Amino acid sequence: QVQLVESGGGLAQTGGSLRLSCAASGRPFSSYNMGWFRQAPGKEREFVAFITWSGGRTAYADPVKGRFTISRDNAENTVFLQMNSLKPEDTAVYYCAASSSITKLATREAYDYWGQGTQVTVSS
């Protein structure tokens with residue numbers, strides 16, 4: 001089992017920044033690929049970004065490319081999502097997730113464990 005707890009959400013203005021953190025406990029964090037997803041009201045949960053276990057590969061959804069950066073600190077069992085140039089359409093609950101899969105990391109089905117989510121609200 002892996003337990004994931006997100007933090008860092010809140011209210012930001014358009015053009016502002018927030019940094020989300022996801023602290024993991026349980027099985028060795030460094031053996032999991034990690035992802036961030038988000039879910040806006042009335043919409044399905046969608047992929048935001050993933051990072052492989054070593055940090056050697058990252059990928060982003062098109063709407064966040066160039067604005068968001070995913071990173072991880074395996075010594076601290078934490079994954080981060082730095083969000084810059086925020087837009088109102090970034091408003092959502094953000095979830096981190098852990099995957100033992102090596103493929104399809106941009107899909108929800110690849111992930112074994114999920115956090116409870118943290119709310120991000122961007123005002124216009």
Side-chain angles (χ1 to χ4, degrees):
Q1 289 283 346
V2 175
Q3 292 77 42
L4 303 172
V5 179
E6 302 95 337
S7 62
L11 179 65
Q13 293 185 335
T14 296
S17 298
L18 286 173
R19 189 191 197 206
L20 305 184
S21 299
C22 174
S25 60
R27 289 185 175 178
F29 175 73
S30 60
S31 64
Y32 287 90
N33 299 314
M34 298 297 296
W36 285 96
F37 288 74
R38 67 186 181 185
Q39 187 167 16
K43 295 187 176 181
E44 292 190 353
R45 193 171 299 187
E46 64 177 9
F47 167 73
V48 174
F50 75 72
I51 186 167
T52 53
W53 66 272
S54 66
R57 187 164 74 100
T58 59
Y60 299 89
D62 286 344
V64 308
K65 280 181 182 176
R67 300 188 297 121
F68 290 10
T69 303
I70 189 171
S71 61
R72 66 189 296 162
D73 183 338
N74 286 344
E76 295 296 327
N77 294 343
T78 304
V79 63
F80 305 98
L81 185 68
Q82 178 67 44
M83 306 186 296
N84 298 329
S85 301
L86 284 163
K87 304 175 180 180
E89 50 264 44
D90 295 319
T91 295
V93 177
Y94 282 72
Y95 298 89
C96 73
S99 173
S100 56
S101 174
I102 59 173
T103 61
K104 299 183 179 180
L105 290 173
T107 67
R108 289 174 294 175
E109 291 71 26
Y111 291 83
D112 309 296
Y113 303 101
W114 293 84
Q116 293 300 306
T118 186
Q119 177 70 47
V120 170
T121 302
V122 183
S123 63
S124 58

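Computed from a predicted model, the values in this text were never measured in an experiment.
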How close do F80 and W36 get, heavy atom to heavy atom, and via which atoms? O-NE1, 3.4 Å

Same hydrophobic cluster for Y113 and F47, using side-chain heavy-atom links shorter than 4.5 Å among ILVMFWY? no

Would you indicate whether E76, at its atom CD, is surrounded by more than 12 heavy atoms from other residues, nucleotides or ligands within a distance under 6.0 Å? no

Indicate yes or no: at least one non-hydrogen side-chain atom of R27 is less than 4.5 angstrom from one of S100. no

Between F37 and W114, does the ring centroid distance fall short of 6.0 Å? yes

If two hydrophobic side chains count as joined below 4.5 Å and joins carry through other members, does Y60 share a cluster with V122? yes

Please list, chain by chain and in numerical order, all residues satisfying salt bridge (Lys or Arg N to Asp or Glu O under 4.0 Å) with E44, sequence neighbours excluded. R108

Keeping the roles fixed (side chain from T14, backbone from S123), state whether a donor-acceptor pair exists under 3.5 Å. yes

If you count every heavy atom of other residues, nucleotides or ligands that lies below 6.0 Å from E109 atom CD, does the total exceed 12? yes

Look at the side-chain heavy atoms of Ile, Leu, Val, Met, Phe, Trp and Tyr, link any pair under 4.5 Å apart, and say whether V120 and M34 land in one connected group. yes

Is the backbone of L105 close enough, under 3.5 Å, to the side chain of Y111 for a donor and an acceptor to pair up by distance? yes

Between the main-chain N or O of W53 and the side-chain N or O of N74, is there a donor-acceptor pair closer than 3.5 Å? yes

One should read off an interatomic distance between Q116 CD and T118 OG1, to the nearest 0.5 angstrom, of 11.5 Å

Counting only heavy atoms not in Q3, do more than 12 sit closer than 6.0 Å to its CD atom? yes

Output yes when a side-chain donor or acceptor of R72 lies under 3.5 Å from a complementary backbone atom of F29, and no otherwise. yes

Under a 3.5 Å distance rule, please check whether E6 uses its side chain to pair with a backbone N or O of L20 as donor and acceptor. no

N/O donor-acceptor pair under 3.5 Å between T52 side chain and N33 backbone: no

Between D62 and K65 the two heavy atoms that sit nearest each other are OD1-NZ, 3.1 Å

Closest non-hydrogen atoms of Y32 and D112, given as atom of the first, atom of the second and distance, are CE2-OD2, 4.5 Å

Keeping S99 on the side-chain end and A110 on the backbone end, is there a donor-acceptor pair under 3.5 Å? yes

Please report the shortest heavy-atom distance between L81 and A49, naming the atom on each side. CD1-CB, 4.4 Å

Closest heavy-atom pair, Q119 versus A92, reported as atoms and distance to 0.1 Å, is NE2-O, 3.4 Å

Any side-chain heavy atom of L86 sitting closer than 4.5 Å to one from L18? yes

Assigning hydrophobic clusters by single linkage (Ile, Leu, Val, Met, Phe, Trp, Tyr; side-chain heavy-atom cutoff under 4.5 Å), is I70 placed with L4? yes

Given D90 and M83, is the side chain to side chain contact (heavy atoms under 4.5 Å, CB included) satisfied, shown in steps? CA-CA 9 Å; D90 295 319; M83 306 186 296; over 6 Å; no

Just verifying a value: how many Å separate S30 OG and D73 CG, rounded to the nearest 0.5 Å? 11.0 Å

Rounded to the nearest 0.5 Å, the OG atom of S124 sits from the NZ atom of K87 at a distance of 14.0 Å

How long is the gap from OG1 on T69 to CZ on R19, to the nearest 0.5 Å? 10.5 Å

Heavy-atom closest pair, residues V48 and F68: CG1-CD2, 3.8 Å

